[in-house]
Amino acid sequence: MNLSAWLSAEILGLGFLLTFALLFYIFYYWKHRASYQKELEELRRIDAFTRLRKTIGQAIENGRGLQISIGSGGLNGIRGAAGLVSLSMLLVITQKSCKGDQSPQVTSGDGALASLAQDTLHKAYRLAAVESNSKASQNQVTGITPFSYAAGAMLTILDQPLQANLLAGNFGSEAGLLAEAGERSSQLVIAGSDGLPAQSVMLATADDALIGEELFAGGAYLSAEPSHEASVKAQDILRWIIILIILAGVILKLAGAL
Amino acid sequence: MDSITCLTCGHLNPPDNHKCEICGSPIETQDSPIDATKSGSQSPNPPEDLSSPHIPGEIHGVGGLLGKASLTPAQQAHTRLLKELIAGEGTTPTPPGQPKMRANNLLRIGVGSVIILLILISLLVELPFFSPPELSSETLAARQLIYSLPPGAPVLVAFDYQPAYIGEMSRASQGILAHLMAQQAYLTLISTQPTGPALAELLIAEIGRYTGSVYQAPEQYQNLGYLPGGASGLLIFSEKPHQMTPVTADGEPAWENSEVNQINHISDFSLVLVITDDPETGRTWIEQIGPKLGDKPLVFVSSAQAAPILQPYYASQPQQLQGLISGVAGGMAYQESALFFLNNNQAGVPWSTYSLALWAGAAIMILGVIVAFICRMNEEDSEPRSGGMKP
Amino acid sequence: MRRRPFSVFLLVIAIASGLVVLLGYWINLPALATLRDLFVRWAAILAGMAVLVGILNLLYVHWLKVSQPKPGGAYSLALLIAFVLTFLVAIVDTPTGSWSLWIFRYVQLPVEASLLALLAITLLVAVFRMLHRRFDWFSLVFIGTAILILVGSTYLPEVNMPVLQSLRTWLLQVPTVAGARGILLGIGIGVVATGVRILTGSDRPYEG
Amino acid sequence: MIIGLLLTLCVFSYWLHDNALFRLAIHIFIGATAAYVTAILWFNVIWPQVLHPIWSGNLKNTLLALVPLILSILLIFKVFPRLSAAGSPALAYMVGVGAAVAIGGAIIGTIVPQTLTAINSFDLQAAQTSGESSWITTINQGIILIGTLTSLVYFHFSARQKFNQPPARAGWIEDIARIGKIFIAITLGALLAGVFMAATAALVERLNFLSQFVQSLISG
């Protein structure tokens with residue numbers, strides 16, 4: 001007998017969503033109240049993020065910029081989520097680096113993402129109370145299909161004396177070409193994507209790769225924002241809930257209850 | 001000053017280095033900016049130690065592996081070149097300014113020339129060395145579904161792959177598309193990627209060249225062109241196809257032919273065939289369209305890179321995918337098994353050359369493991385590293 | 001920090017439109033369903049328009065490079081010329097006309113396919129570099145699986161390798177499925193987290 | 001045909017070294033692709049879905065058709081730095097709907113089905129009835145279950161800060177995560193093989209194109 005017949009998928013899904021939203025709010029207010037200082041120590045070490053945080057500082061020291069490629073996913077569906085994560089990372093990175101007049105170079109493969117990146121840059125300048133000096137070429141669409149985007153981004157990577165490349169967003173296997181271009185110009189390459197082929201390629205080509213869900217924790221690892229912290233905590237708990245549901249379901253199945 | 005140990009490969013680097021000479025990964029000292037252009041001096045232990053011992057190991061490895069792939073003397077010469085080049089990664093005298101860039105370039109050129117020459121040679125010799133792939137159960141299932149289609153059955157075909165994959169995807173899908181045409185199905189072509197419509201037209205024309213009878217629009221197929229909005233677009237298309245795609249790719253009114261003018265819901269198609277290179281796109285189709293199809297079958301032609309993710313949907317209970325043809329192998333198997341003959345064995349991606357290239361790739365990867373292992377042996381004295389992404 | 005009224009307005013738009021669509025997944029009211037379909041359809045059309053915005057941005061940046069002489073201005077000029085020519089042909093001849101298809105076939109396809117072909121070489125080199133970077137069991141399992149599957153995907157008549165092929169099938173049907181399911185679930189959770197942050201207004205990428 | 005050949009060679013030259021020909025080919029390619037996409041957009045989106053509906057049908061349809069038109073115009077404002085702010089509402093709308101579709105897709109499309117499949121695939125009855133010997137099937141199902149759970153655990157982020165040590169997760173979580181990492185490595189390895197196969201197909205196809213061209217020249 002099929003479990004989905006016994007338990008309506010919609011109900012289960014709604015349960016997941018509400019649980020997550022609830023947990024998110026609880027943690028959000030908890031973090032907000034308690035004036036938390038050591039959020040970062042509360043997360044397991046992920047080499048890619050550790051190195052990224054160092055690199056941001058070094059970029060300012062050497063006056064060499066960062067390039068952030070936020071992919072060509074657009075805003076729809078799961079790909080869109082990857083793009084939104086990369087934007088929240090862009091906000092944090094720009095806030096940190098624009099004081100040293102080293103605001104990052106952004107490339108994207110979609111108009112909506114590029115516009116959002118522009119707004120994010122402005123917002124970062126505003127929050128950092130720095131005069132916006134962003135040029136049109138600082139945030140550009142380098143191509144409109146995944147491969148033409150990758151090809152254009154390769155050229156911008158090869159052209160500029162960059163400290164590091166962050167590939168965060170929706171990519172296909174063409175991400176390998178971007179990573180290789182960064183390697184050619186001896187830049188550090190940190191890469192993460194929601195696409196699975198891209199992840200395998202990044203693992204092989206990039207200096208540091210983010211696997212699966214790690215990309216979606218980017219905000220929490222880079223900033224001390226309570227909302228990011230809260231969502232990571234909520235993610236952890238939701239994950240355990242799913243694990244328990246699977247275990248319970250299997251046990252019930254073995255017991256023949258389903 | 002003490003020399004710095006690279007946390008990544010354990011290699012001892014001179015104190016002024018910021019990127020490891022061996023692995024090129026940044027050396028994490030708090031105050032040292034990662035700047036490869038600064039690191040350039042020779043490694044404390046002479047690089048010859050790194051390279052010389054592993055030559056025999058490689059001869060064993062390469063001989064053993066490429067041997068299976070029937071090496072011509074020319075190819076052996078090139079594998080030897082490759083070995084020297086990898087040895088070069090340790091030994092190349094690296095002038096200040098570009099530490100391991102040159103070694104990397106040499107490695108890239110070496111590896112590239114080996115595999116390119118291998119492919120070119122086997123293309124010219126054309127030896128039918130590898131036997132054609134076997135017909136897998138999911139491919140067989142797809143074939144049975146096509147056979148069961150009545151003439152004139154409306155079939156939705158999605159061309160959702162990047163033009164870059166045309167070699168693999170056309171080889172994978174030619175068989176089933178030619179079969180659909182042989183069954184006189186009425187094809188409705190669509191794509192959620194703007195370059196899809198052109199790919200569709202090209203493939204239809206190409207198959208026409210192979211089979212001798214070219215499908216004609218709008219009598220035998222209509223090309224609905226580009227469907228914007230990814231998941232959202234599909235969601236609406238599945239319920240209101242006319243509303244979401246009122247015209248064809250070249251702006252003519254669509255849905256005019258008798259085979260399709262009665263179609264008001266995705267489940268009115270007799271079969272949905274999705275040709276994709278990307279597991280995300282594939283999952284979007286399965287998740288948005290699958291549930292709405294009712295008892296109508298959903299069949300995939302997928303690139304080899306998407307197959308590992310899509311296969312579970314075929315195996316799942318209840319089955320979310322009724323047929324799957326994956327990669328060049330799947331396409332070949334389908335063609336071999338079908339009752340008609342496509343005269344395209346030497347066009348596009350010849351199976352024998354392709355197989356040989358895969359063998360060469362595997363051999364080079366094994367070579368990489370051997371080289372890395374031997375380098376590792378030489379680094380034994382430095383602190384061991386648990387490595388990569390720590391759990 | 002007090003929010004400006006405009007950003008409050010944006011916040012309301014984002015949350016309202018999002019909630020309508022989200023509720024449509026669960027609450028089964030005809031009116032809501034119609035509204036949701038309308039919203040989603042508009043979003044799909046806008047996604048198409050966003051592509052156009054991207055193209056305009058692309059052209060704008062390259063126009064700047066051409067107009068105010070910069071290094072690489074010539075390339076940008078080539079890009080703009082290629083754009084104008086192709087656009088004229090594709091508009092006059094329609095995107096599926098023979099001329100448009102000719103350009104597609106002999107300009108776009110070769111470059112894209114060649115880039116992907118380069119990736120094959122890049123990956124092989126990357127394997128060397130990766131194993132030098134970190135020679136640990138994770139990398140070895142990673143590369144080892146790849147090798148096994150590559151070898152198991154071909155069929156030698158002389159050397160029959162049932163073991164290799166069944167091992168490949170097992171790898172693809174058991175551990176790969178397990179790992180993929182875990183990763184996909186993880187990504188799913190991450191996506192939900194991102195979406196919730198947007199719909200609760202704690203992430204507002206749209207406010208400049 | 002000759003153009004295709006030249007462009008192919010230009011791109012392949014990047015394999016040797018980054019050079020002007022490669023850059024030229026790439027720029028032409030980006031321009032041509034963008035133009036083709038623009039034409040497709042005109043024929044499939046802008047005309048039939050945004051402009052045409054305005055003066056077709058009754059007042060209600062016209063009004064409904066005005067909304068995407070206005071939103072589209074607002075979106076286009078985003079291109080011009082001065083008018084950029086005017087485009088934000090359209091963008092906010094897209095972000096809102098996009099986030100909702102993402103949540104819906106992730107929950108209805110991925111989380112729930114994958115969870116249920118993980119449970120349902122562990123099916124002893126099926127194991128008994130299946131052709132192959134039942135205990136092998138059961139073992140495989142067990143492995144899949146363990147793999148799914150452990151690789152999920154691998155992602156667990158929260159950790160505890162011990163006294164002047166890097167933050168680490170509880171020991172037992174670490175152990176489970178280590179197992180999960182093996183499965184993740186295998187999955188990504190399988191995908192790497194897939195990507196390599198796809199890329200190799202492209203390489204073979206391109207080289208075949210070249211060699212056939214050369215052969216046709218030789219044969220005249």
Side-chain angles (χ1 to χ4, degrees), chain B residues 105 108-109 112 115-116 119-120 123-124 164-168 171 194-195 197-198 224-228 231-232 235 244-251 277 279 283-284 286-288 303-309 312 315-317 320 327-329 346-350 353-354 357-358 361 389 391, chain D residues 12 15-17 33 36-38 40-45 47-49 52-53 97-98 101-102 104-105 108-110 113-114 117 120-121 123 126 154 169 173-178 180-181 187 190-212 215:
Chain B
N105 292 343
R108 190 177 66 243
I109 292 166
I115 192 145
I116 286 179
I119 291 171
L120 281 176
L123 278 172
L124 296 175
Y165 294 85
I166 182 122
E168 183 187 26
R171 174 49 68 114
T195 44
L224 295 180
Y226 166 57
L227 175 69
S232 319
L235 194 65
M244 206 55 202
T245 54
V247 296
T248 63
D250 47 11
D277 63 329
R283 280 174 52 221
T284 312
I286 293 172
E287 289 159 8
Q288 304 291 343
S303 156
Q305 71 180 24
I309 305 301
S316 73
Q317 291 295 336
Q320 291 170 276
V328 176
Q346 281 316 312
V349 186
T353 309
Y354 178 65
L358 294 188
M389 20 165 292
Chain D
F12 269 53
W15 156 57
L16 294 169
H17 195 271
T33 310
Y36 187 82
V37 171
T38 318
I40 283 283
L41 284 173
W42 171 258
F43 281 100
N44 284 188
V45 182
W47 174 249
Q49 310 228 25
H52 187 256
V97 176
V101 173
I108 304 288
T110 305
Q114 295 289 338
T117 316
N120 289 330
S121 62
D123 188 347
Y154 166 78
R169 301 178 286 195
I173 295 185
E174 285 294 345
D175 299 337
I176 301 175
R178 227 168 262 121
K181 226 172 121 180
T187 305
L191 282 157
L192 184 73
V195 175
F196 181 75
M197 287 162 87
T200 307
L203 183 60
V204 172
E205 189 266 340
R206 277 296 96 192
L207 292 175
N208 197 9
F209 174 74
L210 293 184
S211 72
Q212 282 182 347
Q215 281 169 330

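Being a predicted model, the structure only gives us computed values, none of them experimental. Order of the sequence lines fixes the chain letters, A, B, ..., with proteins taken first and strands second; residue numbering starts at 1 for each chain.
- Contacts between B:A329 and chain D at a heavy-atom distance below 4.5 Å are absent for every atom of the residue.
- Rounding to the nearest 0.5 Å places CG of D:N44 at 8.5 Å from CG of B:L224.
- Between B:V247 and D:F43 the shortest side-chain heavy-atom distance does not fall below 4.5 Å.
- Atom CD1 of B:I115 and atom CG of D:L203 lie 6.5 Å apart (nearest 0.5 Å).
- The shortest distance between side-chain heavy atoms of B:Q305 and D:L192 does not fall below 4.5 Å.
- Contacts between B:Y226 and chain D at a heavy-atom distance below 4.5 Å involve backbone atoms as well as side-chain atoms.
- Between chain D and the residues B:L227, B:D250, B:V328, B:T195, the largest count of heavy-atom pairs under 4.5 Å involves B:D250.
- Side-chain contact between B:V349 and D:N208 is absent, with no heavy atoms from C-beta onward closer than 4.5 Å.
- For D:A198, the parts sitting under 4.5 Å from any heavy atom of chain B are the backbone and the side chain alike.
- Listed options D:V97, D:L16, D:I108, D:V204 were ranked by heavy-atom pairs under 4.5 angstrom with chain B; first place goes to D:V204.
- Formation of a donor-acceptor pair under 3.5 Å by the D:Q49 side chain with backbone atoms of B:M244 is found in this model.
- No other option in D:M197, D:H52, D:R206, D:H17 has as many heavy-atom pairs under 4.5 Å with chain B as D:M197.
- Counting heavy-atom pairs under 4.5 Å between each of B:A198, B:S232, B:P279, B:A249 and chain D puts B:A249 at the top.
- For a residue to count as touching a neighbouring chain, one of its non-hydrogen atoms must lie under 4.5 Å from one of that chain's; by this rule D:I40 touches chain B with the side chain only.
- For D:V45, the part sitting under 4.5 Å from any heavy atom of chain B is the side chain, from C-beta outward, and nothing else.
- Contacts of D:L41 with chain B are made by side-chain atoms alone, with heavy-atom separations under 4.5 Å and no backbone atom involved.
- Taken from OG1 in D:T110 to CD in B:E287, the straight-line distance is 4.0 Å, to the nearest 0.5 Å.
- Interatomic distance, OG1 of B:T353 versus CD of D:E205, reported as 12.5 Å (0.5 Å rounding).
- The candidate with the highest count of non-hydrogen atom pairs below 4.5 Å against chain B, out of D:F12, D:F196, D:W42, is D:F196.
- By the 4.5 Å heavy-atom criterion applied to side chains, B:P308 and D:T187 are not counted as neighbours.
- B:T248 touches chain D through its backbone: at least one of N, CA, C or O sits under 4.5 Å from a heavy atom, while the side chain does not.
- Contact count against chain B (heavy-atom pairs under 4.5 Å) is highest for D:L207 among D:V37, D:L207, D:L210, D:V195.
- Heavy-atom pairs under 4.5 Å with chain D peak, among B:G167, B:P312, B:A304, at B:A304.
- Residue contact with chain B, scored on non-hydrogen atoms closer than 4.5 Å, is absent for D:W47.
- B:L124 contributes atom CG, which lies 6.0 Å from atom CD of D:Q215 (distance to the nearest 0.5 angstrom).
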